[in-house]
Amino acid sequence: MIGGTPQQEPDLGELKVSYLKALDLIERLHRQLLDVIKDDLERSGQTDINAVQALLLFNIGDSELTAGELRSRGHYLGSNVSYNLKKLVEADYIFHKRSESDRRSVRVSLTPQGRDVCDRIAALYERHTKSISEIGGVTSDDLETIIVTLGRLERFWTDQVRYRL
């Protein structure tokens, strides 16, 4: 019983099917987002960076961060961040400098060229925001429900690792 009401046992077979469908959809949606970003970059003639790198620039935004901070935000795998940051520095999309307090740590921020890509992705998201309800049939309430559910799933997975459940 929870809160004075009897709790119904979940149908584990049905729950497993739904869980696996959700996992598949989450993975596909991330790949689809990268395809949408790639398409937008190609339409603008921006072919020297890939969608993952453009998303990385967007997530850095106005911040000055370390690779570790980007990883801890949960967006990227360790070697993926290091590799892409190196490529973005070489292509003049990112400034990098040694931290004053910890000389082993490198802080990154956007160059004007990196800022342009960040702004391009922000404009893409702005266009999506203006049409997602009418064209996509997705409401603010729908998105709030998704956010709550994905937040619960994220906490569940974090606990699986943290507490070795």
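All residue numbers in this chain count up from 1 along the given sequence.
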Quiz item: Are L25 and L150 in one and the same hydrophobic cluster, where Ile, Leu, Val, Met, Phe, Trp and Tyr link if side-chain heavy atoms are under 4.5 Å apart?
Solution: no
Practice problem: Would you give the length of the straight line joining atom CG of N80 to atom CG of L85, rounded to the nearest 0.5 angstrom? | Solution: 9.5 Å
Quiz prompt | Rounded distance (nearest 0.5 Å) linking atom NE2 of H96 with atom CD of E90 | solution = 9.5 Å
Quiz item: Can you hop from L20 to F156 via hydrophobic side chains spaced under 4.5 Å?
Solution: yes
Quiz item: More than 12 heavy atoms of other residues, nucleotides or ligands under 6.0 Å from CD of E154: is that the case?
Solution: no
Quiz item: For N50, does its backbone N or O pair with a side-chain atom of Q53 as donor and acceptor, under 3.5 Å?
Solution: yes
Quiz item: To the nearest 0.5 Å, what is the distance between OG1 (T158) and OH (Y163)?
Solution: 9.5 Å
Exercise. For residues L33 and L55, report the shortest heavy-atom separation together with the two atoms involved.
Key: CD2-CD2, 4.4 Å
Practice problem: Apply the test salt bridge (Lys or Arg N to Asp or Glu O under 4.0 Å) to residues D35 and R31: give CA-CA distance (whole Å), side-chain angles for both, the deciding distance (0.1 Å), then the verdict. | Solution: CA-CA 6 Å; D35 286 345; R31 283 194 308 267; over 6 Å; no
Quiz item: Nearest 0.5 Å, what's the CG-NZ distance between L56 and K87?
Solution: 14.5 Å
Quiz item: Roughly how far apart are N84 CG and Y93 OH, rounded to 0.5 Å?
Solution: 13.0 Å
Quiz item: Does a side-chain N-to-carboxylate-O contact under 4.0 Å join R120 and D116?
Solution: no
Quiz item: Should L34 and F58 be counted in the same cluster of Ile, Leu, Val, Met, Phe, Trp and Tyr side chains packed under 4.5 Å apart?
Solution: yes
Quiz item: Honestly curious: do Y19 and I26 fall in one hydrophobic cluster under the side-chain, below-4.5 Å linking rule?
Solution: yes
Quiz prompt | Verdict with reasoning, I49 to Q113, per side-chain contact (heavy atoms from CB on, under 4.5 Å) | solution = CA-CA 12 Å; I49 63 171; Q113 187 175 334; over 6 Å; no
Quiz item: Should V117 and L65 be counted in the same cluster of Ile, Leu, Val, Met, Phe, Trp and Tyr side chains packed under 4.5 Å apart?
Solution: yes
Self-check item: Between CD1 on residue I121 and CD1 on residue I37, distance to nearest 0.5 Å
Solution: 5.0 Å
Quiz prompt | Over all atoms of both residues, closest heavy-atom pair of T111 and D92 | solution = OG1-O, 2.7 Å
Self-check item: Shortest non-hydrogen contact from E64 toward R107
Solution: O-NH2, 2.7 Å
Quiz item: Any side-chain heavy atom of L41 sitting closer than 4.5 Å to one from K38?
Solution: no
Quiz prompt | G61 to C118 - nearest heavy-atom pair and separation | solution = CA-SG, 3.9 Å
Exercise. Would you please test K86 and V89 for side-chain contact (heavy atoms from CB on, under 4.5 Å) and show each step?
Key: CA-CA 5 Å; K86 179 181 175 211; V89 166; 5.9 Å; no
Exercise. Check whether more than 12 heavy atoms from other residues, nucleotides or ligands sit under 6.0 Å from atom CD of E134, and answer yes or no.
Key: no
Quiz item: How about Q160: does its CD atom have over 12 heavy atoms from other parts shown lying under 6.0 Å from it?
Solution: yes
Quiz prompt | side-chain contact (heavy atoms from CB on, under 4.5 Å) partner of R115, the single match among D62, L57, I60 | solution = D62
Self-check item: Pair T139, D142: side-chain N/O donor-acceptor within cut-off below 3.5 Å
Solution: yes
